[in-house]
K.L.:
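Dumping the structure here so I can ask a few things about it.
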There are 2 protein chains.
Amino acid sequence: MYRIEFSNFFTSAFSVDCIIFGYSEDKIKALLIKRSVKPFENYWAVPGDLVYPDEDLPQAAERVLFELTGLKNVEMHQSETFGNPKRHPEGRVITISYFALIRIEDFEVKASSWAEEVSWVPIFEVPKLAFDHNHILNSTFNLLCQKLQNDPICFDLLPDRFTLNEFQKLYEYAFQVEMDKANFRKKIKNIPLVAHEEKQKNVNHRPAKLFSFNKENFEKLTELGDCRFKM
Amino acid sequence: MYRIEFSNFFTSAFSVDCIIFGYSEDKIKALLIKRSVKPFENYWAVPGDLVYPDEDLPQAAERVLFELTGLKNVEMHQSETFGNPKRHPEGRVITISYFALIRIEDFEVKASSWAEEVSWVPIFEVPKLAFDHNHILNSTFNLLCQKLQNDPICFDLLPDRFTLNEFQKLYEYAFQVEMDKANFRKKIKNIPLVAHEEKQKNVNHRPAKLFSFNKENFEKLTELGDCRFKM
DNA sequence: GCAAAAGTGTTTGGATTACACCCATGC
DNA sequence: GCATGGGTGTAATCCAAACACTTTTGC
């Protein structure tokens, strides 16, 4: 029935690649590592590695991310799968990419295992990467942009307390557009935000109010069909 | 460095599953096959099979679909990847799901290989399927619904010439809502449709005009930022 | 006072909604 | 004639864009 023995199907491997997005200095950044091993030695790459044959994919993504960057307890979402037979020089390896959104300030990253260095690189300033990682990263960033338009995931990137300007700049950077301040604020007025007493400090202009996203309220409103996230 | 030999990573297999969506009788349907082999003999399933170790994924999806259903020349899009280590009884098999949208009338389907029967099943009337195929199908249908809101893919499901009512009913079925006829027509008035002289026939009411989607014009308009598809 | 960004209000035109009405066909 | 859906118009409302203006801080 098959043109090869059934058992010969079981000769492939797979890997996971973890695209970690963060936001700081008004830029969306991806976490990259510098490879200290062949192939693509000394190239920057997305953190990723082979999956053990008895390991589930989301677990593998968590493990690999931790081994290479020290990051843990981040929520991973599946992105795309890349399976070109020639994409890996050592054999057939298909890779499943995962992505996560984190608040850069809340985590510490540290290169380990065969990662020589880690770095947060602004998404529009990424150099030539190992393997097909530029392709993987770009297509995952596109997915992120889509989600930014339809789901309240921007709050996973913003600090717990943020100004409305930081919020706006996140969208301006993602979509490379400029937005009107007054209109932006009108647009988001349905999103349940909590205003804090505390204000921005040490700025040479009027300090901005700090806000937090009220996730519980948002979920109640969406259940009632009362608030749909649309940017 | 790894807890197993490097070569032992190369002991897995992967498969592709093809979710083919169509639209007829005001219902969105999926193409299912009846398995004549173990495991899950006599269960209905999504067409899918193992990928050869030297085969690219999109090609595998095309081949498998053709072998089981006779369908060819359909444009496949990647959906999700399912990799639970226990999802296949014969060993580690991760599956990449692909989906396609076709005009049911334009194709003929015919069961072959180990598919005993093929059938178009309305998406809300799908029985218990083999493996984790209900899960795969549902989550791909959700993806389809998302795309129906943001991309002009509804025209891949509708016949080349369609009435505005058929168009509306497609959305009503997908989202299980009722829409106002007049308002629906206003909403779609930016979409470049071609009105034909030809009319609907053999209906016991005023015959409806037939329309086609003008893809070239749509693409010109989107490039100019003049027309964004939003439903 | 000045620069810089925070924060708000107004106007306008275009979409969305709900609803009413007329039209063409088969029987 | 009547049932059935095709097809269009209107008024009220909501929303988005453009733009102007006031406020609060550091220096």
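Naming convention: chains lettered A, B, ... in sequence-line order (proteins, then strands); numbering from 1 in each chain. Note that the coordinates shown come from a computational prediction; the quantities given were computed from them, not determined experimentally.
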K.L.:
Quick one: label B:Lys181 by what it contacts on the DNA or RNA (base, sugar-phosphate, nothing), any heavy atom closer than 4.0 Å.
P.N.:
base
K.L.:
Partners of A:Tyr43 by ring pair (Phe, Tyr, Trp, His ring centres under 6.0 Å), sequence neighbours excluded?
P.N.:
A:Phe40
K.L.:
Please report, rounded to the nearest Å, how far the C1' atom of C:dT16 is from the NZ atom of B:Lys230.
P.N.:
16 Å
K.L.:
Test for a donor-acceptor pair under 3.5 Å between the base of D:dT23 and the side chain of A:Lys199, counting only N and O atoms.
P.N.:
no
K.L.:
Can you find an N or O donor on one side and an acceptor on the other, under 3.5 Å apart, linking the side chain of B:Asn183 with the base of C:dA18?
P.N.:
yes
K.L.:
On DNA chain D, check which nucleotide each of A:Lys189 and A:Arg206 is closest to and give me the residue with the more 5' one.
P.N.:
A:Lys189
K.L.:
Can you run down the salt bridge (Lys or Arg N to Asp or Glu O under 4.0 Å) pairs that involve residues 140-168 of chain A, sequence neighbours left out, and say none if there aren't any?
P.N.:
A:Arg161-A:Glu198
K.L.:
Could you tell me if A:Thr163 and A:Gln200 have a donor-acceptor pair between their side chains, going purely by distance under 3.5 Å?
P.N.:
no
K.L.:
Rounding to a whole Å, what distance do you find between A:Gln168:CD and D:dA17:C1'?
P.N.:
14 Å
K.L.:
Could you pick out which residue, A:Lys186 or A:Leu210, lies toward the 5' side of DNA chain C when each is mapped onto its nearest nucleotide?
P.N.:
A:Leu210
K.L.:
Find the distance A:Lys187:NZ to D:dA18:C1' and express it as a whole number of Å.
P.N.:
14 Å
K.L.:
For B:Phe211 and for A:Asn204, find the nucleotide of DNA chain D with the closest heavy atom, then tell me which residue's nucleotide is more 5'.
P.N.:
B:Phe211
K.L.:
Any side-chain N or O of A:Arg185 less than 4.0 Å from the OP1 or OP2 oxygen of C:dG7?
P.N.:
yes
K.L.:
Once you apply a heavy-atom cut-off of 4.0 Å, does A:Asn165 come out as touching a base, just sugar-phosphate, or nothing?
P.N.:
sugar-phosphate
K.L.:
Ignoring the backbone of A:His205, work out which of C:dC19, D:dC19, C:dA6 is nearest its side chain.
P.N.:
C:dA6
K.L.:
I need the NZ-P distance between A:Lys201 and D:dG26, as an integer number of Å.
P.N.:
12 Å
K.L.:
Would you tell me whether B:Asn183 and B:Lys187 have side-chain atoms, one donor and one acceptor, within less than 3.5 Å of each other?
P.N.:
no
K.L.:
Indicate, with a heavy-atom threshold strictly under 4.0 Å, whether A:Ala208 touches base, sugar-phosphate, or nothing.
P.N.:
sugar-phosphate
K.L.:
Could you check whether A:Glu67 and A:Ser113, counting side-chain N and O atoms only, form a donor-acceptor pair closer than 3.5 Å?
P.N.:
no
K.L.:
Rounded to whole Å, please give me the gap between CD in A:Glu178 and P in D:dC19.
P.N.:
14 Å
K.L.:
Round to the nearest Å and state the distance from B:Lys169 atom NZ to D:dT4 atom P.
P.N.:
13 Å
K.L.:
How many Å lie between CZ on B:Phe167 and P on D:dG7, as a whole number?
P.N.:
14 Å
K.L.:
What is the separation between atom CD1 on B:Ile188 and atom P on D:dT8, rounded to the nearest whole Å?
P.N.:
11 Å
K.L.:
Name the closest nucleotide to the B:Pro207 side chain, picking from C:dA6, D:dC19, C:dT25.
P.N.:
C:dT25
K.L.:
Contact class for A:Lys209 (heavy atom, under 4.0 Å): base, sugar-phosphate, or nothing?
P.N.:
sugar-phosphate
